[in-house]
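Working notes for the structure below.
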Amino acid sequence: MSSTSSVSGQSYINQLSSGSSTSSNSTSSSKDPTAALSSTDFLTLLTTQLKYQDPDSPVDNTQMAAQMAQFSSVAGINQLNTTVSSIQSDVSNARLGNVSNWIGKAGLVSSNISTSIDGTFAGQVKLDSAASDVKISLADSTGKVVYSKDYGSQSAGDVSFSFSGNDSSGNAVSGPLTVKVNATNSSGGSVSNSTSTWTMIDAVNSPASGTTQIVTSLGTYDPSDITSIS
């Protein structure tokens, strides 16, 4: 009488997973031995386990339920990973597509350095509170003031400035220029403020890994650092 080969429930899966069972590995010898088991492989192992289980010692119901739960969990995680990767790719492509339209336009960034856009230097000063007098000046690399204007009394908020780029003699001024602000309240105290300037957006960098960067005349910025586009 021929003998029937039988194995215990969990040990058979362990053997197949480790590659020690020639009966299983003979059908998948072409697969990368270092590759992780797929959900299909897992289901194959489970059904093979049932096929060759010892009739006198079948797989325990609790153990079977645990294995099925593990299979379901693995399949769910794999599907979730695939979905998340797809969403990340879609968001990245959409983000790159949106910001690429900014190339050749002017962007407003937080900086006290002003660069030329078609010969003009422009920006805005944000006052944290009302000021009785606001004076904005631009100075070149030597410290020489090439533009100065008194904007008088201003409410809290943004005060825009623009310099044509020509000095008092009509000569073109080369940048970059440093923005200087003197804002005082009715008591003569300083009013807190912050400066932003317009700069040309030259390119967009979007590496395979990492965040998208906006390349401007003032340097690189995150898209969220560009507060306005013109």
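The figures that follow rest on heavy atoms only: side chains count, while hydrogens, waters and symmetry mates do not.
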Could you list the donor-acceptor pairs under 3.5 angstrom formed between side-chain atoms of residues 187-198 and any protein atom two or more places apart in sequence or on another chain?
from: N193; atom 1: ND2; to: V191; atom 2: O; distance (Å): 3.0
from: T197; atom 1: OG1; to: I113; atom 2: O; distance (Å): 2.8

Scanning both residues in full, the closest heavy-atom pair of M200 with K105 reads SD-O, 3.4 Å
Minimum heavy-atom distance S148-S137, with the two atoms named | OG-OG, 3.2 Å
Would you please test I201 and I229 for side-chain contact (heavy atoms from CB on, under 4.5 Å) and show each step?
-> CA-CA 9 Å; I201 297 176; I229 297 292; 3.7 Å; yes
What's the separation between atom [atom1] in [X] and atom [atom2] in [Y], rounded to the nearest 0.5 Å?
X    : Y    : atom1 : atom2 : result
Q213 : T211 : CD    : OG1   : 4.5 Å
D225 : S111 : CG    : OG    : 11.5 Å
I136 : Q154 : CD1   : CD    : 8.0 Å
D158 : S228 : CG    : OG    : 10.0 Å
N185 : S129 : CG    : OG    : 6.5 Å

Taking the side chain as everything from C-beta on, heavy atoms only, tell me whether [X] gets closer than 4.5 Å to [Y].
X    : Y    : result
V125 : L127 : yes
T199 : V109 : yes
I103 : D202 : no
V204 : W102 : no

Are [Y] and [X] connected into the same hydrophobic cluster when the rule is that any two of I, L, V, M, F, W, Y join if their side-chain heavy atoms are below 4.5 Å apart?
X    : Y    : answer
F121 : V134 : yes
L218 : I214 : yes
Y151 : V146 : yes

Looking just at side-chain N and O atoms, do D222 and S224 make a donor-acceptor pair shorter than 3.5 Å?
-> no
When you look at CG of D150, are more than 12 heavy atoms from neighbouring residues, nucleotides or ligands closer to it than 6.0 Å?
-> yes
Is there a donor-acceptor pair under 3.5 Å between the side chain of T227 and the backbone N or O of L108?
-> yes
Going by atom type alone, with no hydrogens or angles, which donor-acceptor pairs under 3.5 Å involve a side-chain atom of residues 159-181 and a protein atom two or more places apart or on another chain?
from: D167; atom 1: OD1; to: S169; atom 2: N; distance (Å): 2.9
from: D167; atom 1: OD1; to: G170; atom 2: N; distance (Å): 3.0
from: D167; atom 1: OD1; to: N171; atom 2: N; distance (Å): 2.8

